Amino acid sequence: MRLIAVFLLSTLSMVMSAADYDINQPFGFCTRASRTDAASTYDVTGGGCYTYPVPDSFTGKAIVLKSDGEDMRQTIEDAVRQNDVVILDGSNGDFIVSSNVGVSASDKTLLGINNARIRTQWFVTDEIRAMLDAAGVPNMSTSGGGGILPNGHRVREEAEYNTRKMIIEMTGDQNETYRNSGILSLRNCQNIIIRNITFIGPGSIDVGGNDLLSCVNRTRNCWIDHCAFMDGMDGNFDITGMSDFITVSWCTFSYTEHSYMHQNTNLVGYSDREVTGYLNTTFAFNWWGTGCKQRMPMARVGKIHMLNNYFTSTTANNCINPRVNSEFLIEGNYVERGVKHYYSQSGAVAVTWTADNYIAEAENLPASEGATVTVPYDYSVVPYCDVPEMVKKGAGATLFTKH
């Protein structure tokens, strides 16, 4: 069965809307149990529903949360543990979390309604930015140097060492609790659905802190759909630690003026030592926009399917970045004018770069390398000319707007 509808373009180059392509159900690698066998499927249901209003047929436990204006970290964590479906209702304002919400459970759905936004309590202030500028941190090395911090921790990179040292000296926080300023961490989870939530971080800063969302410790069969990610401290959304079978669809990734440096948005695989055979991920209909500089995504290990994504970040140093032991299938993506550094490959097993990608300012398109990369699910590639319009209208926390 085709999971994404096929539409034939007329000679008038008809532009379809986002609704014509958004199938409103899990697809891609999150629905698989094998990286190669199409017959080996997985039924991604989350907590039993993933739409709003919750259907009358739903028999599980659901809870609706609203912000109380205080730290909601423990409230959200308890709600996820005790319920199948957690609905975050943004009508009382943003949900604030003092530190990362840890989730170690399976069969859960998190849905946002009424402009649900979760933001970190700590953020990079103008005072911190001015202090780092005065010390010349942006010109320091991010690959060497370093030293021992006042709290005894060794840091191997000059920029990170000086950043953390100055924040310790400014705040007196020897435990560096601010580095826990992420939002959700999925650890050894399975069958998780997260939809229609905006994640707002403290601003990217080179301190080796938390991501806005992370899948770690063998987390698998997750569908992250119609979410917006901005200003993650270390990254916006990373997938590491033998996690597997993840689909990221209709999401936006960006950084604002609150971010300082290290705008590295999506990492798949924490290092070259990642165990092979895992991290199989579908990125479909996503938008990497303002402020993104690298990792859109950068991936080690796994099959990475880049389908009909949209790139507009003119600050990019490197967008799509296959690395060691990875396999990439790249098709139907659209890179806007002004995005100069859209692709770099280093050590990948294979890359299949199809002819239906569009690069506005490309002189020489990348060549495919190695064996042809395939994925074990049905799909169709949307014509690239439709991608900008439909992704700009449909990506991000755009669901359930009538409620």
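What you are looking at is a predicted structure, and each value in this text was computed from that prediction instead of being measured. Numbering of residues begins at 1 and proceeds along the displayed sequence.
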Stepwise, does the side-chain contact (heavy atoms from CB on, under 4.5 Å) test hold for Thr247 with Phe283? CA-CA 6 Å; Thr247 294; Phe283 288 94; over 6 Å; no
Point to revise | From CA spacing to verdict: side-chain contact (heavy atoms from CB on, under 4.5 Å), Tyr384, Asn357 | key: CA-CA 7 Å; Tyr384 70 76; Asn357 294 292; over 6 Å; no
Check your understanding: Step by step, would you call Tyr377 with Thr282 a side-chain hydrogen bond (donor to acceptor under 3.5 Å, both in side chains)?
Key -> CA-CA 11 Å; Tyr377 49 84; Thr282 301; 2.7 Å; yes
*Evaluate the criterion side-chain contact (heavy atoms from CB on, under 4.5 Å) for residue pair Ile320 and Ile330; output intermediate values, then yes/no.*
CA-CA 9 Å; Ile320 304 173; Ile330 305 169; 3.9 Å; yes
Decide yes or no on side-chain contact (heavy atoms from CB on, under 4.5 Å) for Arg164 and His153, but give the supporting numbers first.
CA-CA 10 Å; Arg164 292 172 62 179; His153 293 172; 3.9 Å; yes
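Taking the side chain as every heavy atom from C-beta outward, Asp37 and Pro376 never approach each other to under 4.5 Å. Counting heavy atoms from C-beta outward, Asn321 and Arg295 have side chains that stay 4.5 Å or more apart. A 4.5 Å side-chain heavy-atom check between Val101 and Ile183 finds every atom pair outside the cut-off. For the pair Ile304/Leu329, no side-chain contact is recorded, criterion being any heavy-atom separation below 4.5 Å from C-beta on. For the pair Val97 and Ile118, the minimum side-chain heavy-atom distance is below 4.5 Å. With a 4.5 Å cut-off on side-chain heavy atoms, Leu365 and Ile359 count as touching. Residues Ser204 and Asp234 fail the side-chain proximity criterion, which asks for heavy atoms closer than 4.5 Å. Between Tyr178 and Ser99, the closest side-chain pair of non-hydrogen atoms is not below 4.5 Å.
Asp211 places no side-chain N or O within 3.5 Å of a backbone atom of Met233 that could act as its donor or acceptor partner. The backbone N or O of Tyr50 lies less than 3.5 Å from a partner atom in the side chain of Arg195, making a donor-acceptor pair. A donor-acceptor pair under 3.5 Å is formed between the side chain of Asp89 and the backbone N or O of Ser91. Put simply, the side chain of Asp71 gets close to the backbone of Ser98: a donor and an acceptor are under 3.5 Å apart. Remark: the backbone N or O of Met306 is paired with a side-chain donor or acceptor of Asn333 at under 3.5 angstrom. In terms of modelled atom types and a separation under 3.5 Å, the side chain of Asn325 and the main chain of Thr276 share no donor-acceptor contact. Side-chain N or O atoms of Thr171 include one that pairs as donor or acceptor with a backbone N or O of Ile167 at under 3.5 Å. Of the possible polar contacts, one joining the Ser243 side chain to the Thr240 backbone as a donor-acceptor pair under 3.5 Å is found. In this structure a side-chain-to-backbone donor-acceptor pair under 3.5 Å is present from Thr163 to Ala159. Looking at Thr109, its side chain does come within 3.5 Å of a backbone N or O of Cys49 through a donor-acceptor pair.
Interatomic distance, CG of Leu267 versus CD of Gln294, reported as 11.0 Å (0.5 Å rounding). If you take CZ on Phe199 and CZ on Arg117, they are separated by 13.0 Å, rounding to the nearest 0.5 Å. Within the model, atoms CG of Asn83 and CG of Leu65 stand 8.0 Å from one another, a figure rounded to the nearest 0.5 Å. Taking OH from Tyr379 and CG from Asn308, the interatomic distance works out to 10.0 Å, rounded to the nearest 0.5 Å. Atom CG of Leu213 sits about 9.0 Å away from atom CG of Asp238, to the nearest 0.5 Å. Here the straight-line distance linking atom OH of Tyr310 with atom CD of Glu389 works out to 9.0 Å at 0.5 Å rounding.
There is no side-chain donor-acceptor pair under 3.5 Å between Glu158 and Asn162. There is no side-chain donor-acceptor pair under 3.5 Å between Trp288 and Thr312. Residues Asp133 and Tyr260 have side chains that bring a donor and an acceptor to within less than 3.5 angstrom of each other. A donor-acceptor contact under 3.5 angstrom links the side chains of Ser185 and Ser214, judged on distance only. Under the 3.5 Å distance criterion, with hydrogens and angles disregarded, no donor-acceptor pair is assigned to the side chains of Glu160 and His262. Side-chain atoms of Glu369 and Gln345 include a donor-acceptor pair closer than 3.5 Å. There is no side-chain donor-acceptor pair under 3.5 Å between Tyr358 and Glu336. Defined by atom type and a distance below 3.5 Å, a donor-acceptor pair is present between the side-chain atoms of Asn191 and Thr45.
Nearest heavy-atom pair, Tyr342 versus Ala362, reported as atom, atom and distance to 0.1 Å: OH-CB, 3.8 Å. A pairwise comparison of heavy atoms in Val301 and Val275 identifies CG1-O, 3.4 Å as the closest pair. Taking each heavy atom of Val155 and Leu149 in turn, the nearest pair found is CG2-CD1, 3.7 Å. The minimum heavy-atom distance linking Asp231 with His258 is given by the pair OD2-CB, 3.9 Å. When all heavy atoms of Gly332 and Asp356 are compared, the closest pair comes out as N-OD1, 3.2 Å. When every heavy atom of Gly146 is checked against every heavy atom of Tyr161, the shortest pair comes out as CA-CB, 3.7 Å.
A search for side-chain contact (heavy atoms from CB on, under 4.5 Å) contacts involving Ser104 returns Arg187, not counting sequence neighbours. Glu274 meets the salt bridge (Lys or Arg N to Asp or Glu O under 4.0 Å) test with no other residue; sequence neighbours excluded.
More than 12 heavy atoms of other residues, nucleotides or ligands sit less than 6.0 Å from atom CZ of Arg81. Within a 6.0 Å radius of CZ in Phe123, no more than 12 heavy atoms belonging to other residues, nucleotides or ligands are found.
In summary, the aromatic rings of Trp353 and Phe328 are positioned with their centroids too far apart to meet the 6.0 Å limit.
Pairs of residues two or more places apart, or lying in two chains, never qualify as side-chain hydrogen bond (donor to acceptor under 3.5 Å, both in side chains) while including a residue from residues 57-69.
Phe253 pairs with exactly one of Phe311, Trp287, Phe229 by the ring pair (Phe, Tyr, Trp, His ring centres under 6.0 Å) rule, that one being Phe229. Just one residue in the list Ile246, Asn188, Asn280, Ile192 forms a side chain to side chain contact (heavy atoms under 4.5 Å, CB included) with Arg220, and that residue is Asn188. With respect to Gln190, the side chain to side chain donor-acceptor pair (under 3.5 Å) criterion is satisfied by exactly one of Asp244, Thr219, Asn221: Asn221.
Between Phe245 and Phe29, the angle of the ring planes lies from 30° to 60°, which puts this pair in the tilted group.
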